[in-house]
Every structure is written in structure tokens, then in C-alpha cells.
Number of protein chains: 2
Amino acid sequence: MNEDTRLTQGRVTAAMIADRANVSRVAVSRAFNPHTSLKAEKRELILRIAQELNYTPDRAARALVSGRSHLVGVIVPDVCSHWESQEIDALTTALQNEGFATLLFKTRTDFSMDEKLLAYMRGFNPDSVVAFVENVKPATLARFLDRAVPIYVHYPSSDEDDQPETGPLHDRMNVLQRAGVEQAVALLQGYGARRIAYVSGVNKSRANTAREQMLRLVMAERGLPPPIIAPSDFSYDRAYGATLDLFRLEGGADAIFAANDVGAFGVLDALRHELGLRVPEDVKVVGFDDIAQSHWKSYNLTTVKFDLKDRVSALVRLILRRLNNPDAPALQETLQTRLVVRGTVG
Amino acid sequence: MNEDTRLTQGRVTAAMIADRANVSRVAVSRAFNPHTSLKAEKRELILRIAQELNYTPDRAARALVSGRSHLVGVIVPDVCSHWESQEIDALTTALQNEGFATLLFKTRTDFSMDEKLLAYMRGFNPDSVVAFVENVKPATLARFLDRAVPIYVHYPSSDEDDQPETGPLHDRMNVLQRAGVEQAVALLQGYGARRIAYVSGVNKSRANTAREQMLRLVMAERGLPPPIIAPSDFSYDRAYGATLDLFRLEGGADAIFAANDVGAFGVLDALRHELGLRVPEDVKVVGFDDIAQSHWKSYNLTTVKFDLKDRVSALVRLILRRLNNPDAPALQETLQTRLVVRGTVG
DNA sequence: TTGTAGGCGTTATCAT
DNA sequence: ATGATAACGCCTACAA
């Protein structure tokens with residue numbers, strides 16, 4: 001019994017529990033798997049002893065034999081982007097409740113995903129992968145993920161957009177932006193705005209192009225001239241600079257639509273603190289996301305809301321459905337947007 | 001050769017590489033471990049084939065035999081707290097560069113750590129654990145972590161504080177707050193502030209008590225009356241409310257010291273947008289952290305800086321040193337603070 | 001309900 | 001320098 005000398009230092013195995021409880025190792029395994037048959041009192045005994053000895057089944061060993069790591073890889077360019085951090089937070093909570101853990105990976109901030117990173121990540125064998133990154137072809141992703149099926153965020157420009165599936169299998173989260181953008185444009189129009197600018201996100205990103213296109217479409221439908229594009233990259237600092245340029249070099253605008261809320265904050269600060277303009281009296285501002293900071297008094301931003309809770313539950317549903325049925329055809333979830341009216345339009 | 005039917009679907013093992021390269025499985029293993037002896041050209045061949053077939057060694061299997069998961073558990077109450085998200089971001093990057101991945105766990109936001117969570121986490125066998133959580137005794141943590149040694153953040157109130165080590169082994173990151181707080185108080189005093197309030201963080205948290213105590217100490221040394229305590233919890237909303245109470249019920253203050261930057265934003269917005277006071281003319285405000293948002297024009301906050309890069313490299317150093325030498329005596333790293341002067345004092 | 005045997009993919013040990 | 005063999009800790013047959 002003096003085997004707890006070196007090897008044991010802090011590592012409790014099923015075999016030890018089996019010894020203490022006078023049962024076989026298999027019984028211990030069964031005690032931790034609810035859907036196996038084991039006499040109730042025996043299970044209780046084992047679990048009690050396990051708790052006393054602080055034993056938990058080793059997930060690495062379990063993964064080896066079961067093919068499930070219970071790890072979900074999350075790839076982000078920037079954890080501290082407000083929207084991303086809020087989504088990671090909610091996602092981690094939700095996954096944890098389902099018995100999964102979040103494995104975080106950082107990629108470069110230029111929204112390009114590295115093959116090296118993918119290879120690195122694959123070594124950890126995630127059961128699923130969520131990528132907050134764009135410009136990765138499903139084919140590339142599929143090459144690096146064996147059992148995981150990628151989930152893409154898609155922004156249909158028409159609500160009845162129904163393209164046929166092509167290429168390797170992937171699941172999809174459709175975000176319908178029309179409603180929110182339409183409400184925003186109508187509101188701006190109602191307050192007399194005509195010359196509307198768009199302070200963009202990262203140029204190549206799909207979220208950005210989708211937002212710009214939808215804005216362009218809706219404005220055309222409502223008889224407005226096309227938006228003036230002020231190039232930016234979703235960040236506070238560049239949105240700030242883009243706004244200065246817009247007013248100093250391009251003749252300004254009645255209203256500004258920012259590609260995200262953080263960008264809208266930059267727009268607001270540039271207008272008020274550097275250009276000496278009043279919001280909403282002189283210029284109206286609308287953002288996109290509705291992050292927690294948007295209600296802060298200094299900004300109090302009118303914005304197109306992307307419901308975080310809805311989004312995360314859709315994501316978790318997709319992940320779990322796919323895991324429970326790996327051979328299912330492409331899955332889809334659909335999300336809506338809507339305008340949250342606060343103080344920057346009026 | 002038709003074994004790539006079902007089992008193979010997307011899973012490439014060392015054995016397959018060995019087959020293709022006409023070598024043993026062991027050779028494949030060696031090819032991926034730099035410090036083993038293998039003829040250079042053979043290693044190249046193997047690595048080339050591995051790359052063609054998208055093979056990476058399975059870390060779960062590796063962990064089983066090597067006892068290293070290359071996983072670092074991170075426990076946070078709230079991923080989207082600004083400071084935390086920035087630290088998680090930097091930490092993930094740094095760890096990734098060292099071959100580790102970040103495993104994220106969320107605990108309740110009340111700063112209490114759950115034994116259930118610890119047991120859950122242990123199942124994943126992290127090599128190390130960083131807890132952004134307080135009120136956990138080293139003993140509790142140690143009970144749930146076998147090979148990992150916890151790292152504590154310590155705030156000595158005197159710079160020569162040298163308590164003898166007690167209890168189970170743990171490493172320590174000492175944060176010397178005196179310099180930053182002294183500079184802040186001196187600056188406030190220099191601008192004539194005398195009645196100074198402290199909008200606190202979560203009451204039970206060590207970071208909060210340490211900041212409050214240091215403030216009290218420094219103010220006493222400089223002949224100021226003790227600070228007026230306005231209870232809050234590090235959040236924007238409660239700091240906002242605490243500021244209203246302070247001015248409506250407690251007679252206000254010349255200057256406000258907030259327990260963190262986000263709290264300071266709440267203070268600023270309450271002062272300016274609800275109480276109609278000017279900052280810094282009527283009231284001066286100092287924060288704590290220096291997060292990225294603090295330089296945004298709407299806030300432009302004077303704050304006690306906690307250098308993020310320093311902090312993360314100290315953390316990574318501690319983790320790696322401990323991993324390379326599990327039996328080392330308690331390790332320590334020491335960090336400084338300093339005042340960053342912007343526009344909210346003057 | 002219970003136990004025995006075998007295998008998951010890798011690395012360590014010991015030969016050669 | 002290389003290869004056979006035995007772990008690592010667990011789960012899933014299969015048999016009792």
C-alpha cells in the first residue's frame with residue numbers, strides 16, 4: 001500500500017477509488033456515467049469516496065477513448081473588443097453549463113487566419129470551433145478540422161436569399177440586418193437627415209460589407225443619395241480620425257452610421273470634443289451592436305441591436321445539434337436585428 | 001490500403017504517417033520532439049509527409065503519458081470586465097507563444113469560487129491555473145489542483161512587508177501600490193483638494209481593501225482627513241449611483257478616487273450629466289488601472305496605472321518557472337504602479 | 001448487475 | 001540511430 005510515494009503526488013486515479021471501495025475499476029467508471037447500470041448504493045459509495053479523495057475522471061484519457069474532448073475552440077483576433085468579449089463571456093457560461101470548456105486562441109488582428117494557428121489548435125482536438133474571424137474559406141477550415149464542422153455567420157442581403165449549398169459542409173447563422181437598418185434610416189430621415197455617412201469597419205470583413213450594402217440598399221429604396229464612405233476599422237481611434245477627415249476634407253454629413261458601437265463612440269467624441277458640433281442637434285449618430293457601454297451617459301447611443309443572448313443560444317444550439325448528430329445536413333439558425341433608440345438621434 | 005473508410009474520416013494518426021514514410025511509429029514521435037535523436041533527413045521526410053496529410057500529434061494522448069496537458073486554466077467572474085478582458089487577451093497571446101492554450105472558466109460574479117467549478121476544471125488537467133477571483137484560500141485551491149501551484153496577487157501595504165510564508169505552497173505577484181497612490185494624492189492636494197472620497201470596489205475583494213487602505217495611509221501621512229467611503233462594486237452603474245448618493249446625501253467631495261477606471265467613468269458621467277458639475281473644475285477624479293478606454297476623449301481619465309504588459313509577463317514567468325521546476329520554493333514577482341496624468345485633475 | 005480484456009494515440013524504456 | 005514493448009487512465013464491448 002505504499003504506492004503513494006512519487007506517482008501519487010496529487011494524482012488520484014480510478015484504480016485507487018476502486019481499491020478503497022472494494023470494487024472493480026469499471027464500477028468506478030460506471031459510477032461517473034449516469035446511463036450505465038450500477039447498483040444505486042454502490043454508485044453512492046463510489047461517488048462519496050471519490051469526493052473525499054478529490055477524484056475526477058481525467059478528461060484527456062476519456063477523450064482518447066471516446067473521441068470527445070469536450071473542448072470548444074474559440075478563435076478571436078482581439079479578446080478585448082467589446083462585442084467579442086461580451087460574446088465570449090456568454091458563450092463560455094452557456095458551454096460550461098453543457099459540460100464543455102472554452103479553449104481560447106488568438107489570431108492576428110488583421111482578420112486573417114493562419115494555417116499555423118489551425119494546425120496548432122487541431123492538436124488540442126476541439127469538438128467544435130467558433131471563429132470570430134473572417135476571410136477563411138470553409139475548405140481551408142475543413143482541412144484542419146477532422147470531426148468539427150465550422151459555423152459561419154451569414155448576412156443575407158435579401159430576407160429570402162436562398163443560395164444553394166456548395167462546397168464542404170458547414171453550418172450557418174443567418175443575421176437579418178434589414179429590419180434594424182431600415183428602422184435606423186427611417187428615424188434619421190424623419191429627423192431630416194439627408195447627407196448620411198458610413199464610418200466603416202475593417203474593409204475586407206464580411207460584417208462590414210454586409211452592413212454597408214444593406215445601408216446602401218435601404219437608402220436607395222427610400223430615395224436617399226448613396227452614403228458617403230469614411231474608411232475605418234471598427235476601432236475607436238480610427239473612427240475618431242475618419243470623422244475628422246469627413247468634416248475637414250469631405251464636407252461633413254447630417255448623420256453618421258458607424259459600423260459598430262465602439263466606432264460610434266469615436267465618432268461622437270470627435271464631433272463633440274474636437275469639431276465642436278452638437279449631437280444630435282448638428283449631427284445624428286447611429287451605431288451597430290448595442291454593447292453594454294452604449295447606455296453610458298457620455299454616449300447614450302442609438303444603435304442597431306444584435307441580441308447577444310439570442311446569438312449565443314443559437315450558437316450553442318448549432319454546436320450541440322451538430323455534436324449529437326455529426327452526419328446531419330447543413331444546419332441553420334436565423335437572427336433578427338432591431339433599433340434601440342437613445343439620445344444620439346433626435 | 002482501404003482502411004481509410006470509417007475510422008479514418010478526418011483522423012490522421014502517427015501510425016499512418018509511419019506507414020507512408022516506411023518508418024516505425026516511434027520515429028514519427030521523435031520527429032516531432034526536437035530533443036530526440038533522429039537522422040535529419042528522416043525527420044524531414046516524416047515532417048513533410050505529416051504536413052501533406054495534415055497530421056499533428058494528439059495532445060490528449062500526449063498529456064496522458066507525459067503528464068503535461070499544455071492547458072492553462074483561467075477563472076474569471078466576468079470576461080467582459082475591461083481590465084480582465086485586456087489581461088486575458090495579453091495572457092492568451094503570451095501563453096500561445098509558449099505552446100500553451102488558455103482554458104476559460106466562468107465563476108459567479110460575486111467573487112466567490114465554487115468547489116464545483118474547481119472539481120470540474122480539474123478534470124481538464126490544466127498544468128497551471130490563474131484565478132481572477134478572490135476569497136479562495138490557498139488550502140482550498142491546493143486541494144483541487146494536483147500538480148498546479150496557485151499564484152496569488154498580493155498588495156503589501158508597506159514596501160518592506162515581509163511576512164513569513166505559511167500554509168501550502170503558492171507563488172506570489174506583489175503589486176506595490178504606494179507610488180501611484182502617493183502621486184495621485186499629491187496631485188489632488190496640489191490642486192487644493194481636501195475632502196476626498198473613495199468610490200469602492202466589491203467590498204470583500206482584496207484589491208479593493210488594499211487600495212482603500214493604501215489611500216487611507218497615504219492621506220494620513222500627508223495630513224488629510226480620512227477618505228469618505230462611497231460603497232460600490234467596480235461597475236459603471238453602481239459607481240454612478242454611489243456618486244449621486246455622495247453628493248445628494250453626504251455633502252459631496254472635492255475629489256473622488258475610484259477603485260477602478262470603469263467605476264471612474266460612472267463617477268464622471270454622474271457628475272457631469274446628472275449633477276451638473278464640471279470636472280476637473282468643481283470635482284477632480286482619479287481612477288485605477290489605465291484601461292484602453294481611459295484615453296477616450298469623453299473621459300480622458302487621470303489614473304493609477306497598472307502596467308498590463310509587465311503584469312502579464314510576470315505571470316507567464318511565474319507559470320513557466322514553476323512548470324520547469326515543480327519543487328521550487330515559493331516564487332515571487334514584484335510590480336510597480338504609477339500615475340498617468342490626463343484631464344480629470346487640474 | 002458485475003468483471004475481464006482490449007484498445008484509444010502517444011511517449012519512455014530498453015534493447016539492438 | 002532505430003525499433004519493439006509497455007505504460008498513461010479511461011471506456012466499450014463481451015462474457016458471466
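Hydrogens, waters and symmetry mates are skipped; everything else that's a heavy atom, side chains included, is used. Here is the naming used below: chain letters follow the sequence lines, and residue numbers restart at 1 for every chain. Bear in mind that the values here come from a model prediction, so they are computed numbers and not experimental data.
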Practice item. Kindly assign one of parallel, tilted or perpendicular to the pair B:Tyr120 and B:Phe105, based on the angle between their ring planes and the thresholds 30° and 60°. Key: perpendicular

Practice item. Just do the side-chain hydrogen bond (donor to acceptor under 3.5 Å, both in side chains) check on A:Ser69 and A:Asp127 with the steps written out, would you? Key: CA-CA 6 Å; A:Ser69 62; A:Asp127 288 340; 3.3 Å; yes

Exercise for review: With the side chain of B:Val23 defined as its heavy atoms from C-beta on, choose the nearest nucleotide among D:dC10, D:dT2, D:dG3.
Suggested key: D:dG3

In whole Å, I'd like the distance from the [atom1] atom of [X] to the [atom2] atom of [N].
| X | N | atom1 | atom2 | value |
| --- | --- | --- | --- | --- |
| A:Asn22 | C:dT1 | CG | P | 20 Å |
| B:Ile17 | C:dG9 | CD1 | C1' | 13 Å |
| B:Arg62 | D:dG9 | CZ | C1' | 18 Å |
| B:Arg25 | D:dT5 | CZ | P | 10 Å |
| B:Asn125 | D:dC10 | CG | P | 9 Å |
| B:Leu45 | D:dT2 | CG | P | 11 Å |
| B:Arg122 | D:dG9 | CZ | C1' | 14 Å |
| A:Phe32 | D:dG9 | CZ | C1' | 13 Å |

Check your understanding: When the C1' atoms of the five terminal pairs at each end define the local axes, what inter-axis angle does the helix from C:dT1-D:dA16 to C:dT16-D:dA1 show, to 10 degrees?
Key -> 40°

If only side-chain N and O atoms of [X] are considered, is one of them under 4.0 Å from the OP1 or OP2 phosphate oxygen of [N]?
| X | N | value |
| --- | --- | --- |
| B:Thr13 | C:dG9 | no |
| B:Ser29 | C:dT10 | no |
| B:Lys42 | D:dA1 | no |

With [X] via side chain to side chain contact (heavy atoms under 4.5 Å, CB included) - residues at least two apart:
| X | value |
| --- | --- |
| A:Ser313 | A:Arg317 |
| A:Val26 | A:Ser24, A:Arg30 |
| B:Thr56 | A:Arg122 |
| B:Leu64 | A:Asp58, A:Ala61, A:Leu64 |

Check your understanding: For DNA chain D, which residues in residues 47-57 of chain A have a heavy atom at a distance below 4.0 Å?
Key -> A:Tyr55, A:Pro57

Practice item. Not counting sequence neighbours, which residues clear ring-ring contact (aromatic ring centres under 6.0 Å, His included) with B:Phe144? List them please. Key: none

Review point. Quick one: ring-ring contact (aromatic ring centres under 6.0 Å, His included) partners of B:Phe32, sequence neighbours excluded?
Key: B:Tyr55

Revision key, fill the gap. Side chain to side chain donor-acceptor pair (under 3.5 Å) filter on A:Asp171, not counting sequence neighbours, yields A:Arg322

Exercise for review: List for me each residue that meets side chain to side chain donor-acceptor pair (under 3.5 Å) alongside A:Arg206, sequence neighbours excluded, and say none if there are none.
Suggested key: none

Review point. What is the minimum heavy-atom distance between A:Leu53 and A:Val12, and which atoms define it?
Key: O-CG2, 3.4 Å

Please write out the pairs of protein N or O atoms and N or O atoms of nucleotides 12-16 of chain C separated by less than 3.5 Å, giving the distance to one decimal.
none

Review point. Restricting to pairs with a member in residues 37-53 of chain A, which pass side chain to side chain donor-acceptor pair (under 3.5 Å), not counting sequence neighbours?
Key: A:Thr36-A:Arg43

